[in-house]
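Since we're looking at a predicted model, the values are computed, not measured. Proteins come first, then strands; the chains are lettered A, B, ... in the order of their sequence lines, and each starts at number 1.
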Number of protein chains: 2
Amino acid sequence: MYANAPTPVCNEAPEEYMKIFEDVCRQKKLRITPQRLEIYSELARATDHPTAEMLYQRLSAKMPTLSLDTVYRTLGTLISHDLVHKVESTQNQARFEVQHLHHHHVICRNCNAITDLTWNLVDHTNLQGELHAWGKVERAHMVVYGTCAQCRAQ
Amino acid sequence: MYANAPTPVCNEAPEEYMKIFEDVCRQKKLRITPQRLEIYSELARATDHPTAEMLYQRLSAKMPTLSLDTVYRTLGTLISHDLVHKVESTQNQARFEVQHLHHHHVICRNCNAITDLTWNLVDHTNLQGELHAWGKVERAHMVVYGTCAQCRAQ
DNA sequence: ATAAATGCAAACGGTTTGCGGCAAC
DNA sequence: GTTGCCGCAAACCGTTTGCATTTAT
C-alpha cells in the first residue's frame, strides 16, 4: 500500500534513518543538500506534524540562511517522491510528517494538536475489493476529530 | 456522534429538506435570507463536493448580485451550526457538503473528484473507548486516496 | 426599530514562482 | 562543466475582513 523503495522509519536511531534517507535520495537522483538533510531530519524527529513555518523556525538557529520557500520546495519534492506526507485536515495551513509506518490521526478541534493513531482493524480491511469499480486504491487514512483531555480540563 | 437538532437529509425531496432547513434556521436564530436558501439548496443538490467558487459560479446566473464572500461567510455560518461540512483533504481549495448521513470519502489523486463511501465497520467501532485517554471523540472520517477508473483508462 | 446579513473592495496569509547565483555531482 | 538547488523578492490565489447599505425579524 505504501512506497516500494526502502523507506526510512523514524523509530530507528537518527544515524540509521538519515543514512537510509541519503541512499533513497541517491537512488531517486535527488541531490543531497544540507537543507534537505536538515529539513528531513527535523521532520523525522518531530512528533507534532509541524507546518512548513514551524520547520523553518526550528531550523533557523542552526541554519540561518535557510529560506521558507526552500522548506516548501523541499517538502514538495519529498512528497512527490513519497518520503513525506501532507496530512489531511480541514485547516488552512498544511501539516507534514515523514512517511513511516502506516497510521491515522486524531486532531483536537480546540488546540489543533495532531496525534498518531494505529488502527489495525481498518488497515486490514480489503478496501480495494470493495472499491474495484471505483478505481485503484492507494491509501486509506482516518481522521478523528474531538477535544483532547488538556483542552477539556480547561 | 452528530448534530442533535433535526438535520435536513439530502435523500429527501428538495421541498422537504428546504423546509427542514428553514425550521432549523429559525430554531438557531439564523435569518432566512435568499442567499442562504440558494446556497444551501445548491450544496444539498450537488454530489461533487463543490468548492466555494464552484457554488458561486453555479448560482451566479440565478442570482447575479451574489458575491463570493457571501458564499464563504454563509458556508462558515452553516458549518459552525453543523449544517454543512468542510471535507478533509490535502488540497489547498476547501470543499464542502451538506451534513447528511455519516459517510466517508474517496478522492482521485488525478482529477480530484470526491466520491462518497459508506463503511459500517468503521462507524460501528467504539473509538471513544479506545481513545478515552486522549479526550472526547466527536467525529471519525476516512479519506481514501487512489486513481479513479476514468483516469486509469486514459 | 434593531440587529444581522450582504456586497464591495481591500487586505491577509499561506504557498508558489521567475530568476540569478551557487553548490552537488 | 553541467545541472539542479537555493535564496531573494515578487506574484498568486483562496479566504477573510472593515465598512456602509440593505434586509429580516
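For the pair A:L75 CG and C:dG14 P, the computed distance is 15 Å after rounding to whole Å. Whole-Å rounding puts the B:I32 CD1 to D:dT22 P distance at 23 Å. Residue A:L78 contributes atom CG, which lies 13 Å from atom C1' of D:dC5 at whole-angstrom precision. A:Y56 has its OH atom 8 Å from the P atom of D:dC8, to the nearest Å. D:dG7 atom P lies 11 Å from atom CG of A:L59, rounded to whole Å. B:L55 has its CG atom 14 Å from the P atom of D:dG14, to the nearest Å. Regarding B:Q93, its CD atom lies at a distance of 9 Å from the C1' atom of D:dC13, rounded to whole Å. A:L68 has its CG atom 14 Å from the P atom of C:dT17, to the nearest Å.
Aromatic ring pairs are classed by plane angle as parallel below 30°, tilted from 30° to 60° and perpendicular above 60°; the pair B:H104 and B:W119 is perpendicular.
In terms of modelled atom types and a separation under 3.5 Å, the side chain of B:K136 and the main chain of A:R152 share no donor-acceptor contact. With A:Q128 contributing its side chain and A:G135 its backbone, the two residues share a donor-acceptor pair below 3.5 Å. B:E138 places no side-chain N or O within 3.5 Å of a backbone atom of A:Y145 that could act as its donor or acceptor partner. Using a distance-only test at 3.5 Å, with no hydrogens or angles considered, a donor-acceptor pair links the side chain of B:H49 to the main chain of B:I114. Remark: side-chain polar atoms of A:H141 are not paired, donor with acceptor, to backbone N or O of A:R139 under 3.5 angstrom.
A salt bridge is defined here as a Lys NZ or Arg NE, NH1 or NH2 lying under 4.0 Å from an Asp or Glu carboxylate O, and A:D82 with B:R109 fails to meet this definition. B:R45 and B:E42 are joined by a salt bridge, as a carboxylate oxygen and a charged side-chain nitrogen come within less than 4.0 angstrom of each other.
Nearest-nucleotide positions on DNA chain D for B:R26 and B:F96 put B:F96 closer to the 5' end.
No donor-acceptor contact under 3.5 angstrom links the side chains of B:Q154 and B:Q150, judged on distance only.
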With 3.5 Å as the limit, what N/O pairs link the protein to nucleotides 4-6 of chain C?
{"unit_1": "C:dA4", "atom_1": "O4'", "unit_2": "B:R31", "atom_2": "NH1", "d": "3.2"}
{"unit_1": "C:dA4", "atom_1": "O4'", "unit_2": "B:R31", "atom_2": "NH2", "d": "3.4"}
{"unit_1": "C:dA5", "atom_1": "OP1", "unit_2": "B:R36", "atom_2": "NH1", "d": "3.3"}
{"unit_1": "C:dA5", "atom_1": "OP1", "unit_2": "B:R36", "atom_2": "NH2", "d": "3.1"}
{"unit_1": "C:dA5", "atom_1": "O5'", "unit_2": "B:R36", "atom_2": "NH2", "d": "3.3"}
{"unit_1": "C:dT6", "atom_1": "OP1", "unit_2": "B:T33", "atom_2": "OG1", "d": "2.9"}
{"unit_1": "C:dT6", "atom_1": "O3'", "unit_2": "B:Q35", "atom_2": "NE2", "d": "2.8"}

Write out a two-atom table: protein N or O, nucleotide N or O from nucleotides 20-22 of chain C, distance below 3.5 Å.
none

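With hydrogens and angles left out, the side chain of A:D69 and the base of D:dC6 share no donor-acceptor pair within 3.5 Å. The base of D:dC13 does not come close enough to the side chain of B:N92 for any donor and acceptor atom to sit less than 3.5 Å apart.
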